[in-house]
**Q** 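Okay, handing you the structure first.
When reading the values below, keep in mind they use all heavy atoms of this one structure, side chains included, and skip hydrogens, waters and symmetry mates.
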Amino acid sequence: MRESMQRYTWHEAGIYRHIRETICLPFLTAKRSSQRSSLLLLFFVVLLFFLGAFVATRLLDSTLTSIAGNPTPNTILTTTTTHVYPSEIPKKPLPKIQIPLNCTSGNLTRTCPANYYPKDFFHSQDDRDRPPPATCPDYLRWIHEDLRPWKKTGITRDMVQRARKTANFRLVIVNGRAYMERYVRAFQTRDVFTVWGILQLLRRYPGKIPDLDLMFDCVDWPIVKAVDYSGPNATAPPPLFRYCGDDATLDIVFPDWSFWGWAEINIKPWEGLLEELKEGNKRKRWMDREAYAYWKGNPVVAATRVDLLKCNVSDKQDWGARLYNQDWIKETREGYKQSDLASQCMHRYKIYIEGSAWSVSEKYILACNSLTLLVKPHYYDFFTRSLMPVHHYWPIREDDKCRSIKFAVEWGNSHKQKAQEIGKAASDFIQEDLKMDYVYDYMFHLLSEYAKLMRYRPTIPKRAIEICSEKLVCPAIGSQKKFMMESMVKGPTDVRPCNMPPPYDALALHTLLKRKANSISQSCLGSGSIPAITCIEQERQALLKFKRSLTDTTRRLSSWTGEDCCNWKGIQCDGNTSHVLKLELVSLDPFFAATIEANEVNPSLLELKYLEHLDLSGNNFHDIPIPIFLGSMTSLRYLKLSNSNFSGRVPHHLGNVSNLMVLDLNCIDTGSLTIDDFTWVSCLSSLQYLDASGLNLSRALNLNVMLNMLPSLTELRLSRCELDSTLLVSHFYLNSTASNIRKLDLSVNSFAGKFPKFVENLTALRVLDLFDNNLNSSFPLYLENLKSLEHLNLGHNTFTGDLPDWLGIFKRLKYLDLSWNSFSHPIPDLFVKLQLLKYLDLSLNSFSGSIPQSLGTLSALEVLRINWNQLNGTIPVSLGQLSSLKILDIDYNQLTGTIPLSLGQLSNLKRLDLSSNHLEGVVLISLPESWASYPIIAGVPFMKDVEKRYVCSPPVLL
């Protein structure tokens with residue numbers, strides 16, 4: 001079991017190759033140092049230690065500050081130590097590094113410091129001494145949706161250039177430094193404070209922001225219409241960043257400038273203002289507030305706001321609203337005495353209504369724990385798509401505002417407790433999920449995901465100027481300077497970015513949107529009755545019983561309070577019936593993160609008779625059996641119990657859940673769960689996805705059921721299941737229903753000898769994984785039938801002979817791993833036919849001869865590993881044409897000659913290993929100085945082995 005567990009961990013987590021290549025193999029080939037050299041080295045290490053301690057002590061005794069008003073010349077970094085007194089002594093304190101401004105009189109030319117950010121702050125820190133990352137708020141899931149238009153095509157330089165048509169400015173980040181090219185000045189200082197916000201992100205996460213090429217449009221209305229980029233011959237849309245979007249456009253939503261302050265109307269930076277709003281909420285209890293709906297704003301910017309004024313109180317009619325015109329010219333003249341946002345939480349209800357498009361006022365209104373009456377919006381910003389009607393706000397009809405507002409106010413005054421709960425839920429959301437830490441993390445993840453889609457390396461535009469905090473704040477005056485100083489990030493954070501949530505699956509997204517639509521239709525005036533806003537009481541009690549049986553160290557269940565269980569975290573209800581449809585308590589990182597623990601799965605879940613989706617994966621149920629009563633939950637369509645520390649036999653009763661579409665039993669502890677007979681699986685005729693990886697199936701009967709009696713099955717995962725060739729012969733035979741399977745994972749098993757014959761008829765197969773078995777034949781001809789293959793992993797077997805020419809027929813192949821086999825003879829030219837290939841691993845074989853020039857034609861290739869073979873000759877110049885290449889491993893061969901200069905053209909390269917050959921020359925690569933500190937290239941011998949013949953000199957930075 002232990003051996004099987006090790007094989008799984010290395011294969012699944014990608015650690016196996018890293019350990020082998022960066023630790024095991026270099027160690028085995030390293031020379032022993034002499035005893036004398038060791039003593040000399042020890043002496044210098046001790047001397048360096050004491051010298052470092054002396055310098056550090058001098059630094060800690062000094063106060064090094066340099067701000068705009070009181071600079072200290074020649075001061076770049078400030079290091080202080082924060083003293084923490086936890087229940088146990090930490091291993092070592094984390095240093096707090098500050099990046100002060102350099103606004104000295106000698107810097108009036110507004111130049112950016114040469115060494116602006118600490119180079120190795122994150123690389124030198126020990127992750128074990130740093131606090132674990134938080135889980136991101138749910139609104140970060142929309143990042144995946146906003147970038148989906150470019151998921152297939154990627155983002156090219158031409159696409160970005162097309163976004164210039166309406167852009168106010170272009171921002172390019174290269175090697176952690178920012179460059180701005182302004183096209184059209186934005187209204188007021190929108191562009192200035194947007195750029196300022198990105199500069200603070202660079203200060204918060206130095207060395208972590210990838211190279212970027214961004215176009216920003218600071219006008220309110222989104223313009224990239226989805227209809228213009230749909231259809232079979234449509235081009236990809238231009239990636240254009242903006243502060244809001246709508247359902248008909250594809251603009252990429254980004255946090256607006258006001259998070260760092262709006263100088264023209266004296267709205268303070270968000271971090272400080274949020275605290276003021278929190279204190280403002282305490283000035284008057286909700287019950288003591290005015291029992292009306294309040295709005296104050298500029299009505300002339302939109303016809304819908306002018307229409308709202310008709311709902312104001314008059315001699316003839318009181319709609320329950322108190323509406324005021326905000327005269328900003330007068331307010332500016334009088335010193336903003338009547339526009340203090342923290343003093344406007346004095347009414348039970350506050351109205352939000354859009355202006356010419358979305359309005360920055362939404363977050364300020366929601367921050368009051370008044371019940372927000374939200375007039376039907378047409379636009380969204382980066383966080384509002386996660387707001388739920390009748391949980392965070394009350395929807396107001398746009399076409400009948402007055403009566404809708406009156407209905408909401410009367411309902412709230414008649415149901416004060418529920419109205420307060422809605423107001424508090426919104427205020428809590430703003431205070432917790434929209435704090436500045438998460439705004440920066442949203443920016444970090446959005447830009448990181450954007451960078452992954454880029455198909456080119458950004459370069460500095462000719463007309464761009466370098467921009468940094470000094471260039472903006474040093475010459476600034478008045479409120480602009482004040483707000484920049486207040487919102488400036490002082491230095492790198494010692495907390496890692498929050499864990500990015502996964503994208504919505506199609507069913508979850510559809511359910512979410514349907515639920516929101518139903519809640520809006522019920523709550524808006526029209527039905528004449530008070531909407532049902534809470535889940536069914538019997539189901540709420542069932543969930544509370546389930547909660548009490550759990551030990552929650554993660555605080556994921558902290559929202560499970562109050563009457564409206566439909567809005568508890570991890571719960572989704574039907575918008576029409578209020579029945580609980582989804583229960584999701586999943587740990588995103590079961591290897592390292594804290595988990596929910598329990599010694600039972602409480603049978604109170606049986607009260608959730610309409611539950612369709614149950615996900616308890618990544619938690620710890622302490623080796624208890626999977627409960628039999630799950631077989632009685634016949635409404636389930638999605639059941640995921642993976643990596644949750646269940647043990648014993650999987651109950652046959654699960655066969656009663658005939659509507660099941662997804663069943664995931666993946667077990668990290670190989671063999672702790674078993675299936676003795678697969679007959680019950682034949683009842684799951686709707687099953688599309690089955691993962692039984694890690695289960696002991698060595699004695700299971702009727703395995704053929706999975707291939708022959710599940711007509712809807714498209715993905716089957718049986719990795720680490722202790723399957724052998726005997727089972728292949730006796731159980732795996734096919735009929736026509738198996739032709740639907742598209743993904744098959746049989747990795748890390750004990751198949752030996754010839755290639756599995758049953759694979760021959762899986763003609764729809766796109767993914768085939770047989771990694772780490774003991775197959776030792778040559779490639780069978782019947783593999784030619786699998787012409788739809790996109791992913792083929794046959795690594796870690798003992799295949800022999802030549803690579804057959806017919807491998808070139810797999811035109812769709814993107815991933816090919818043939819490593820750790822016994823293939824021999826020269827590498828054939830067949831790969832020139834596989835132009836979609838992104839990953840090619842031929843390492844640890846016995847290939848001889850030269851490296852084919854034709855490999856340089858694979859323009860999509862990102863990973864090429866041909867190390868640990870017997871290749872000779874020179875490195876082909878054509879490899880320098882692989883513009884997408886990120887990893888190139890050619891080490892441990894018999895290559896000779898000079899390293900081609902063309903390798904310096906590989907601008908996306910993150911790992912290059914040429915060691916243990918007989919090469920000469922240098923590698924000229926234009927990369928940042930921190931390139932050599934990336935973990936993925938730590939083993940590249942640029943700076944060692946200089947005395948040997950295979951000299952690979954340090955990169956020359958151009």
**Q** Do any N or O atoms from the side chain of N749 and from the backbone of C721 form a donor-acceptor pair under 3.5 angstrom?
**A**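 Yes, N749 side chain to C721 backbone: donor-acceptor pair under 3.5 Å.
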**Q** How close do K743 and L765 get, heavy atom to heavy atom, and via which atoms?
**A**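 Where K743 meets L765 most closely, the heavy atoms are N-CD1, 4.1 Å.
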**Q** Between K640 and D664, what is the shortest heavy-atom contact and its length?
**A**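 Answer, listing the atom of K640 first, then D664: CE-OD2, 3.0 Å.
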**Q** Are T896 and N872 packed together at the side-chain level, in the sense that at least one heavy-atom pair is separated by less than 4.5 angstrom?
**A** no
**Q** Go through the steps to decide whether Y815 and V767 satisfy the test side-chain contact (heavy atoms from CB on, under 4.5 Å), and finish with yes or no.
**A** CA-CA 9 Å; Y815 183 105; V767 175; over 6 Å; no
**Q** Check the pair I143, M500 against side-chain contact (heavy atoms from CB on, under 4.5 Å), reporting the backbone distance first and the verdict last.
**A** CA-CA 10 Å; I143 290 175; M500 177 76 163; 3.8 Å; yes
**Q** Does any part of the side chain of L914, heavy atoms only, come nearer than 4.5 Å to the side chain of I875, both counted from C-beta?
**A** yes
**Q** Side-chain contact, heavy-atom cut-off 4.5 Å: M215 with M159?
**A** no
**Q** Can you check whether V224's main-chain N or O pairs, donor with acceptor, with D251's side chain at less than 3.5 Å?
**A**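 Indeed, once roles are kept as given, a pair shorter than 3.5 Å links the two residues.
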**Q** Which residues pass the side chain to side chain contact (heavy atoms under 4.5 Å, CB included) test with K833, sequence neighbours left out?
**A** K811
**Q** With the side chain counted from C-beta on, respond yes when P756 and L775 share a heavy-atom pair under 4.5 Å apart, and no when they do not.
**A**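 Touching, per the 4.5 Å side-chain cut-off.
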**Q** Checking the side chain of S915 only, and the main-chain atoms of D891 only, is there a donor and an acceptor separated by less than 3.5 Å?
**A**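 Not confirmed, S915 side chain does not pair with D891 backbone.
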**Q** Before you tell me yes or no, could you show the steps for E449 and D146 under side-chain contact (heavy atoms from CB on, under 4.5 Å), namely the whole-Å CA-CA distance, both residues' side-chain angles and the distance that decides it to 0.1 Å?
**A** CA-CA 10 Å; E449 295 299 314; D146 288 347; over 6 Å; no
**Q** Distance check, rounded to the nearest 0.5 Å: N797 atom CG versus S822 atom OG?
**A**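 It comes to 10.0 Å.
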**Q** Looking only at non-hydrogen atoms, find the nearest pair between L855 and L879 and report the distance.
**A**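 For L855 and L879, the tightest heavy-atom pair comes out as CB-CD2, 4.1 Å.
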**Q** Does S843 offer a backbone N or O that forms a donor-acceptor pair with the side chain of N845 under 3.5 Å?
**A** yes
**Q** Counting distance only, does the side-chain N/O of R170 pair as donor-acceptor with the main-chain N or O of V160 below 3.5 Å?
**A**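 Answer holds: no.
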**Q** Any side-chain donor paired with an acceptor under 3.5 Å for R455 and N908?
**A**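 R455 vs N908: no donor-acceptor pair found between side chains.
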**Q** Which residues pass the salt bridge (charged side-chain N to carboxylate O under 4.0 Å, His left out) test with D691, sequence neighbours left out?
**A**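 Result, salt bridge (charged side-chain N to carboxylate O under 4.0 Å, His left out) vs D691: none returned.
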**Q** How far does CG of N821 sit from CG of N776, to the nearest 0.5 angstrom?
**A** 10.0 Å
**Q** Show the numbers, then the answer: is there a side chain to side chain donor-acceptor pair (under 3.5 Å) between S719 and S747?
**A** CA-CA 5 Å; S719 177; S747 61; 2.9 Å; yes
**Q** L818 versus L803: any side-chain heavy-atom pair under 4.5 Å?
**A**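 Of all side-chain heavy-atom pairs linking L803 with L818, at least one is under 4.5 Å.
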**Q** To the closest 0.5 Å, what do you measure between CG (L906) and CG (L864)?
**A** 10.5 Å
**Q** Answer yes when R911 and D913 have at least one side-chain N-carboxylate O distance shorter than 4.0 Å, and no when they do not.
**A**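 The answer is yes: the pair qualifies as a salt bridge.
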**Q** Hey, does Q881 have a side-chain heavy atom less than 4.5 Å from the side chain of S902?
**A**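 SC-SC contact between S902 and Q881 ruled out.
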**Q** Can a donor-acceptor pair be found, under 3.5 Å and without considering hydrogens, that links the side chain of R717 to the backbone of L744?
**A** no
**Q** CD1/I890 to CD1/I851 distance, rounded to the nearest 0.5 angstrom?
**A**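 Result: 4.5 Å between the selected atoms.
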**Q** Are Y450 and I155 side-chain neighbours, meaning at least one heavy-atom pair lies under 4.5 Å?
**A**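 Yes; the side chains approach each other to less than 4.5 Å.
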**Q** Check S846 against N869 and note the closest heavy-atom contact, atom names and distance.
**A**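 Taking every non-hydrogen atom into account, N-OD1, 3.3 Å.
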**Q** Quick check: does any side chain N or O of S878 sit under 3.5 Å from a backbone N or O of Q853, one acting as donor and the other as acceptor?
**A** yes
**Q** Once rounded to the nearest 0.5 Å, what's the spacing between atom CZ of R162 and atom OG1 of T156?
**A**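 Rounded to the nearest 0.5 Å, the CZ-OG1 separation comes to 7.0 Å.
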**Q** L919 and I899: which non-hydrogen atoms are nearest, and at how many Å?
**A** CB-CG1, 4.1 Å
**Q** Rounded at 0.5 Å granularity, tell me how far CG in L807 sits from CG in L783.
**A**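 Answer for the CG-CG pair, L807 versus L783, is 8.0 Å.
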**Q** Any donor-acceptor pair under 3.5 Å linking the side chain of N917 with the backbone of N893?
**A** yes
**Q** Using atom types as modelled and distance alone, determine if a side-chain donor or acceptor of S686 lies under 3.5 Å from a backbone N or O of M661.
**A**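 Pair absent, no side-chain N/O of S686 close to backbone of M661.
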**Q** Apply side-chain contact (heavy atoms from CB on, under 4.5 Å) to the pair T235 and Y229, showing each step before the final yes or no.
**A** CA-CA 6 Å; T235 58; Y229 302 96; 3.9 Å; yes
**Q** Hey, can you tell me if W868 and Y892 have their rings parallel, tilted or perpendicular (30° and 60° cut-offs)?
**A**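 W868 vs Y892 ring planes: parallel.
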**Q** Would you find a donor on one side and an acceptor on the other, under 3.5 Å apart, between the side chain of N773 and the backbone of L746?
**A**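 Between the backbone of L746 and the side chain of N773 there is a qualifying donor-acceptor contact (under 3.5 Å).
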**Q** Taking all heavy atoms of W150 and all of A236, pick out the closest pair and write down the distance.
**A**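 In terms of heavy atoms, the two residues are closest at CD1-CB, 4.5 Å.
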**Q** Is there a side-chain contact between W142 and L509 in this structure, where contact means two heavy atoms from C-beta onward sitting under 4.5 Å apart?
**A**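 Touching, per the 4.5 Å side-chain cut-off.
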